[in-house]
Amino acid sequence: MDDDTHQTQARASGPVDDASIEATILDLLAQRADTSSICPSDAARSIGGEGWRDLMDDTRRVARRLVAEGRVQITQGGKVVNPLEARGPIRIRWPRGS
């Protein structure tokens, strides 16, 4: 399945597709200050309710795609990281100048 049609079963709210995850990530970022970031679990919880953990891999995958498109950055410890190499907790934020 390609990224645009990928669906995951979230226990609380039925199937969740990448477009819903993307929209949620971008909406949560828009609700915060430009200098703030979100955790992928914020988006997963917003969509998945009690089944949010089932959405974490998909949420991180969608965030990586958004990085590849130049729409967001992924950070660890406040520093931008290569999302393909990131292990452990990450944050998602709007792109910032160098």
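Not measured: the values here are computed from a predicted model.
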query = Do you know the tightest heavy-atom contact between P95 and G70?
reply =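 It is CG-O, 3.5 Å.
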
Next on the checklist: On a heavy-atom basis, which atom in A44 and which in M56 lie closest, and how many Å separate them?
Outcome noted: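 For A44 versus M56, the nearest heavy atoms are CB-SD, 3.8 Å.
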
Between OG1 on residue T59 and CG on residue D54, distance to nearest 0.5 Å:
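T59 atom OG1 to D54 atom CG measures 10.5 Å (nearest 0.5 Å).
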
Calculate, to the nearest 0.5 Å, the distance between atoms CG and OG belonging to D42 and S37 respectively.
->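 Between atom CG of D42 and atom OG of S37 there are 8.5 Å.
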
Kindly write out the residues that satisfy side-chain hydrogen bond (donor to acceptor under 3.5 Å, both in side chains) with R45, not counting sequence neighbours, or none if the list is empty.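 Only S41 meet the side-chain hydrogen bond (donor to acceptor under 3.5 Å, both in side chains) criterion with R45.
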
Which donor-acceptor pairs under 3.5 Å do the side chains of residues 23-31 make with protein atoms, sequence neighbours left out?
residue, atom, partner, partner atom, Å
T24, OG1, S20, O, 2.8
D27, OD2, Q31, NE2, 2.7

**Message:** According to side chain to side chain contact (heavy atoms under 4.5 Å, CB included), who are the partners of R64, at least two apart in sequence or on a separate chain?
**Reply:**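 Here the qualifying residues are R60, R61, I74, P83, L84.
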
For this session: Sorted by first residue and then second, give each side chain to side chain donor-acceptor pair (under 3.5 Å) pair with at least one member in residues 70-90; sequence neighbours left out.
Result: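 Listed by first then second residue: E22-R71, E69-R71, Q73-R93.
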
key: Given I38, L66, V62, the one that forms side-chain contact (heavy atoms from CB on, under 4.5 Å) with V72   =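 Result: among I38, L66, V62, L66 is the only option passing the side-chain contact (heavy atoms from CB on, under 4.5 Å) with V72.
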
